Each structure stands twice: as C-alpha cells, then as structure tokens.
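This structure is a prediction, so every number in the text was calculated from the model and none was measured. Note that ligands are numbered from 1 as they come in the structure, with each ligand's atoms numbered from 1 the same way.
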Amino acid sequence: MRTAEWYAKHEWAVTPEEETQLLQLIAAVAALRVARSADLARLLRRYPRMGGQFSKDQLVSAYRHFCEVGKLRFDPEVLRRLQMKPTRTVSGVATVTVLTKPFPCPGECVFCPTDVRMPKSYLHDEPGAIRAEYHGFDPFYTTHSRLRALRNIGHATDKIELLILGGTWSYYPADYQAWFVQRCLDAMNGVESTTLEEAQHLNETAVQRNVGLVIETRPDYIDAAEVRRLRRLGVTKVQLGAQSCDDRILELNKRGHTIEQTRQAVKLLRAAGFKLQLHWMPNLLGATPVSDRIDYQRLWSDTGLRPDELKIYPNALVREAELVQWYVRGEFTPYTDEELIALIADCKVATPEYVRLNRIIRDIPKDHIVAGSTVSNLREVIKRQLAAEGRTCRCIRCREVRGESAQVMEAVTALEYKTLGGREVFLSSNTEAGKLAGFLRLSFPMAEATALTGIDELRGAALIREVHVYGPVVELGQAGRGKPQHSGLGVKLLREAEGRARAAGYDRLAVISAIGTRPYYLKQGFERGELYLVKSLASSWHNPTGEKS
Ligand code: SF4
Ligand SMILES: [Zn+2]
C-alpha cells in the first residue's frame, strides 16, 4: 500500500525544462509592479509547460518547493500574488470529488457511454476523470492532491464534503467500498489507519473534517440492508438515478428498474434520514418536450418522490452510447437549443422552494457529442431568459445568501409537505430581502416506514436530515453592532425542530450526522447511538455552546 510518506516524497516531479520555466515565471510574477489576475494569466501563457499551461495550484506548489529546497527565499507577498484572489466557497465547505475505479455497472441504459478506462458513465477526458486516472484511481492520492490544490488556491479545507462518483456504488464489492472510504479519510486525517472505524474515529477531531459523504447509486440496489450499510460507511447523502417517472420511458431506455422501485428506494432512504438527490433526464428516447414537462411535474406531485435536491441532466447523444443506433435509424432526435432552453426554464419555475436544483446540464466534452445542444453556459442563458420574461426560480440555490452580509428575520418559516412514508417540514431562516440564510430538514416518519429500515434506534424518533447555515449573517436587531456571524442560526433551527417534534408526539429526535459534525451535535445535547446521534425530548433544551456550519 502506498503510504502518506510515499505521496509526500513523490508529490513534486517536473522535468528540468519545466523547472526552468517555473523559476522564470515566478521571477516574472515577483517583478510585477502591480499584480492583477490578468497579469498572472498573461505570464502563465508566456511560460507554458509541455502540452499546456501550468495551473495556479502547480505554481504555488512549485514556489513552496523551491523555497523548501533553498532555491528561492520565501516572500509572503509573492505567495499572495501566486494565489491571486482566493475565491472561498460560499458555504465554507470544500467539495472533494473522488472517482471509483473502472468497474462494470449492472445497468444497460442506452444513453450511457462506455469507456473501459473509466467507471461506467464517465468519459476519460472529463476533468474529474482526468484527475482520477492521473492518480491511478487511488482514493488516498486523489483526495490528498485535491485538498492540497484547494489549499494552494486559497480555499479553506477544514470542512470537506466528500463526493464519491462513478458507476453504481452499491455494485462495487463491500470490502472495496470500506477501503475506499477509509483511504479518503486517511488523506483528510494525514494519518494511516488500520480500519475504517479507526479512520472515522480519527476524523472526528481532525483538522480536515468530513462534514458530508455522498455516493451515487441505482434505485433497484437500495434495500434495508444496503441503507444500513451506507450509514455504517458514514454516508449522509445519496444521489439516485431516477432519470424518468414514466415506466414506458424507463423501459425504452433500458433502465432496468421501474418508477415504483424509485419510490420504494426514496421511502427507505428518507426514513433512514439520508439527504436525497435525484437525477432526472429530459430528452430520453421516447420523450418529447411536452411529455418532459408532464414528467417534471410528477417529481413534485408524486408523494413517493419529492427529492431534496435535483440534478437535471439533459440527455446528450454521445458517440460511446448505444443510443447512437436509434439516431442513425432516425428514431431519436435531440432537442434543439431553443426547445431545451424553453423546457428547462419552465422546469426551473416549477421547482418547489424546498428543493435545491444543483445542476441543469452535464458538462460533456463537445467532441463526444454526435448531435444536439452544446450550449455550455445553459444556466446563464436560462437565467437571462427568465429575467427577460419576469419569471424566477425559487429553488434553494437561487435563494442562498451567498456570502453577503444580511439581516435575518426573527421568525423561522415552515414549509410542510407529505411523502409516501410520512411528513416533511422544511424550516428556513430568511433575510429581509427574501434570501435564504439557513434551513433544516425535519422528517416525521410513519412508524411503518421506520420499521422498514430495520434500524431500531430510529423507532419513535423524528429525524433531522440536514442543517445548513449560510454565512455571514447578522440577526435582526443586532444590525450595526458589526457582529457578522452565524448568530446562533443553527441552534435556533434545532430548537424549532425540537419543539415541533415534541408537539407532533415524538419523544426523541435523531440526526444523521457526518463524522465531522458529530462533536457539534454532542455539544447540543445529542447522545451517540449506533448509527445516529439521538436526543431525548423529555429533557429540557441543552444549553447550546456551539454552532453548526
Ligand atoms: S445505471 Fe447509471 S452508470 Fe449504469 S448504465 Fe445506467 S446510467 Fe450508466
Ligand atoms: Zn433555482
């Protein structure tokens, strides 16, 4: 097994020619009278490396290396110039994406590309795939180098959401999955562990903590045993490929599962407290812009679906997919740009406020696309179109405060909706301007749904599935005191959830916590259960001392 020492030693490797270029480039940056990002971009072009430009990350790494080995004298101003305007993540959480190794998928979806060098559905020249291949699909090295790259360009890496992508996670062997998560955590911890449990334990107090763990899988691979296993791995969010709510479309596209299986998977995952993201694909074989509009409505009208987050992946006709045969026979036609833009604009407007619309396009390198839309800035085009028409998207992403300092309304707003296995309450804290400063997802599962999961510690418990606070914000009434902070927003939302759970007759409140947020909930009076943190509602509210972020 490659160790942390091995990676540290091999981190730095450039040819002598590249080293000369880098030294000249750094000297040129240091010599600038005023350093603007346009100057840095110009110099990066003037001193290229073989096959392209140096990245900012490589430049910063190189500078640190040259200083360490005594080739350059460290100057914080030069480092600042090389980092050039760090753009911190809005939520303060850094996302690290790690791809699993190439492996078959049980699915035979006609639209899905096959590239034997990659896990199913990924193309070898997508950015994440290039990185994964470069690191030999090694989870430790991919995580380690990604964290270093984020730090180099000025991102904080103390809170990390780990996004594990590639094929169908639940189809990979169980021991591979455990090893994979363990090695990602080892990279965050900077310490080698011997078991997954040890890595999880170390991460609770590590400098770089995991505050979310996401995997992607198929609806027909979710059952009670899988749900419990995912929880043991530390998973907090599941991306589920729904793709369509219409059995006819699912069958035509050889999805290999029905909409009822998607409903059952959603019900189980929600009852176990996971955050749920569905993938939905317009323009599948057999669909029309009209049928897609109807299908999109089903995502919200069907109580068995109603996901927390959605990714819209318009079907792109890629040359590596079986669907090309239908296209050649004239049995499949991709939508025009106009059709696609009008469709997604209507979808955005029809999205409920409790949903985060994470994506509306998948970035596929243009030369793979046989026919159909190649508009890469679809989000901006649609935003402009909606603005021109006086329409808005009210999804979470479009309402987030996004780092602005803002005043928060006193009252917490509650949006309630039914699901197949119970009732959901979306609690939110909003600014005076109607922006979202924080939210909490509270589930009131029916006993029958909880029993289905086979997780005893959830019996009789209401569930907190997500708490998210955007910052910095100022509590209304504290304006002018210059106190931009989370201002107890997380605690306020927790308190509201607790009161509502008690009023609804639940005697316990459980939270699905990522490894790195466990200490926060422990401070809030929750206690360790086997897979969740649980608080008895019989006791009074624990004196809050901390803040979730
Ligand atoms: S299940 Fe997903 S990865 Fe597997 S073939 Fe279908 S789309 Fe591709
Ligand atoms: Zn939106």
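- You'll find the ring centres of His468 and Tyr470 inside the 6.0 Å limit.
- The SG atom of Cys393, the Zn ion (ligand 2) and the SG atom of Cys398 define an angle of 110° (nearest 10 degrees).
- Taking the ring centre of Tyr122 as origin, the terminal cationic atom of Arg362 falls inside the region bounded by 6.0 Å and 45° from the ring axis.
- Enumerated by chain and number, the residues approaching ligand 1 to less than 4.0 Å through a heavy atom are Cys105, Gly107, Cys109, Phe111, Cys112, Lys120, Ser121, Arg218, Arg255.
- The side-chain contact (heavy atoms from CB on, under 4.5 Å) with Trp169 is formed by just one residue from the set Ile164, Val238, Val214; it is Ile164.
- The structure places OG of Ser121 at 8.5 Å from OH of Tyr313, a figure rounded to the nearest 0.5 Å.
- Here Leu285 contributes atom CG and Asn253 contributes atom CG; the two are 5.0 Å apart, rounded to the nearest 0.5 Å.
- A parallel orientation is assigned to the rings of Tyr172 and Tyr176, their planes being inclined by less than 30° (bins at 30° and 60°).
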